[in-house]
Amino acid sequence: MPLFVRRRVAVTGIGLITPLGIGIEPNWLALIAGESGVGPITLFDCSAFEVRIAGEVKNFDPTQWIPKRTVKTLDRFLQFAIAAGSDAMADSGLPPRLDDAVAERAGCYVGSGFGGIETVQRNYSSFLSKGPRFGFSPYGIMSTIINLAPGHLTILHNLQGPSLSHVSACATGAHSVGEAFRVIRDGTCDVMLAGGVEAGIRELGVGGFSAARTLSTRNDAPQKASRPFDKNRDGFVMAEGACILVLEEMERARTRGARIYAEILGYGVSTDAHHITEPAPNGWGAQRCMRAALADAGIAREDVDYINAHGTSTVFNDISETQAIQGVFQDHAQRLQISSTKSMMGHTLGAAGAIEAAVCALSLQRQCLPPTINLEDPDPQCNLDYIPNQSRKRPVRIALSNSFGFGGTNASLVLGKTTDAIPL
Amino acid sequence: MNTDAQTVQNEIIRIICDELDVEPDQLQPATSLTEDLKADSLALINLVMAIEEKFSVEVPNDALRTFKTIGDITSYVETRMKAA
């Protein structure tokens, strides 16, 4: 292999489990129709909580992917990971278990923000009532630790290359996809399963975020609560879900006749080094991150058509991200089309960056852009085109996806249209 | 609890069915835990813990390692309960 080769990377499979639906088409239809997946919390008794809304995955039956006796031993986040991974592999047209010849050059980067929070809660309360001898499940640790997501996926699909979990809060999914992209680009692997998973809608998750006053309390109108860039936003809405992508070296994908959603062109990272929850002033960290992604992709700022914003619906992020976009794109900023799909799903935390990469890939394949819903009264400080309320069929060549995590960790991905795109 | 051998056996069978999602009629004394019921090491530990809790017996590691069949588990528990 020549020393400085940069191979091209295709997205050939998508597994998507979100509050909008299970599978690509239910999600895509809901995104384009501007539907909301947010509703009252049903996953635990939240009647005494100040926040009683979230984006829950509906009608998830894990036995569709996993034998019943194994389901009992798996936290919900692992059930999501296995289901999304299995769907992604099936979608890619690759065999469910890779041949040994391929397996050594195939890896798995799947992360999560919390991991098995429900299992932690269950084991701890069981310990409090039964004591240490019988209070803990032998499966407890294996169902809690985040890297058991790639743990299970590599066994199921025979992936023998690098496997690990990136953990960077709301940037987890983007870091997972970006690092997997690098692994293929740089020649270590030909196939990577990459993405993020989150199932944190439990007492610890909701209670914790609520105590930090980061969540919307719009309990009487759940579907209106996630309103990025709107003047009346009051915090983000927690959500759960998973997205796993199959990334493949481009020539290999073309040779086997794979359907290619989009190409990953670049990946940029940065850190604010400022505050654990507040963004750096003027979105300086986000600016450096976006510039790095554009430089990595080798494209000019004028080449970007669409940005899938981090757009959490918090007071801080939405202004800061707007400033960052203006800072990077200058005169081109007003020509950009930008949307936050968190307006529809809520904030899926560790899964968000991967879900949003998939949304970009689908937008590029289908030449259609999802909206920011609930944008009824735009914040004057958020004065860009955020595709309010209605999706748009438009030519899209290049998409940028932003993810900014608590702790000040940032990731941006650049994706491009391929010849497989469906004509307008 | 009733330490009658049949009761002990029925209860063990119930626990195994519950943990491994199998039907009672699939289970004989000679049924192999690993070969027939596909129980891996963690599943076995989990199963034994439920049995320890139910019958208030202790199954140390060296004993657990000798369990190959359902009959091995039942006789172990019956012996421990007679000794108690």
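Each chain gets a letter, A, B and so on, in the order its sequence line appears, and its residues count up from 1.
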Check your understanding: With respect to A:P138, which candidate in B:V48, B:I45, B:L44 satisfies the side-chain contact (heavy atoms from CB on, under 4.5 Å) definition?
Key -> B:I45
Check your understanding: If you count the non-hydrogen atoms of other residues, nucleotides and ligands that lie under 6.0 Å from CD1 in A:I141, is the total more than 12?
Key -> no
Review point. Which pairs count as ring-ring contact (aromatic ring centres under 6.0 Å, His included) when at least one residue sits in residues 11-54 of chain B, sequence neighbours excluded?
Key: none
**Study point:** Residue pairs, two or more places apart or on separate chains, that pass salt bridge (charged side-chain N to carboxylate O under 4.0 Å, His left out) and touch residues 149-163 of chain A
**Key:** none
Point to revise | Residue pairs passing the salt bridge (charged side-chain N to carboxylate O under 4.0 Å, His left out) test where at least one lies in residues 152-170 of chain A, sequence neighbours excluded | key: none
Check your understanding: Which bit of B:A50 comes within less than 4.5 Å of chain A, counting heavy atoms only: side chain, backbone, both or neither?
Key -> neither
Which side chain or backbone donor-acceptor pairs connect chain B with chain A at less than 3.5 Å?
| residue | atom | partner | partner atom | Å |
| --- | --- | --- | --- | --- |
| B:D18 | O | A:K72 | NZ | 2.5 |
| B:L20 | O | A:R69 | NH1 | 3.4 |
| B:D21 | OD1 | A:K68 | NZ | 3.4 |
| B:L37 | O | A:R69 | NH1 | 2.9 |
| B:L37 | O | A:R69 | NH2 | 2.8 |
| B:K38 | O | A:R69 | NH2 | 2.6 |
| B:A43 | N | A:Y139 | OH | 3.2 |
| B:E52 | OE2 | A:R133 | NH2 | 3.3 |
| B:E53 | OE2 | A:K130 | NZ | 3.2 |

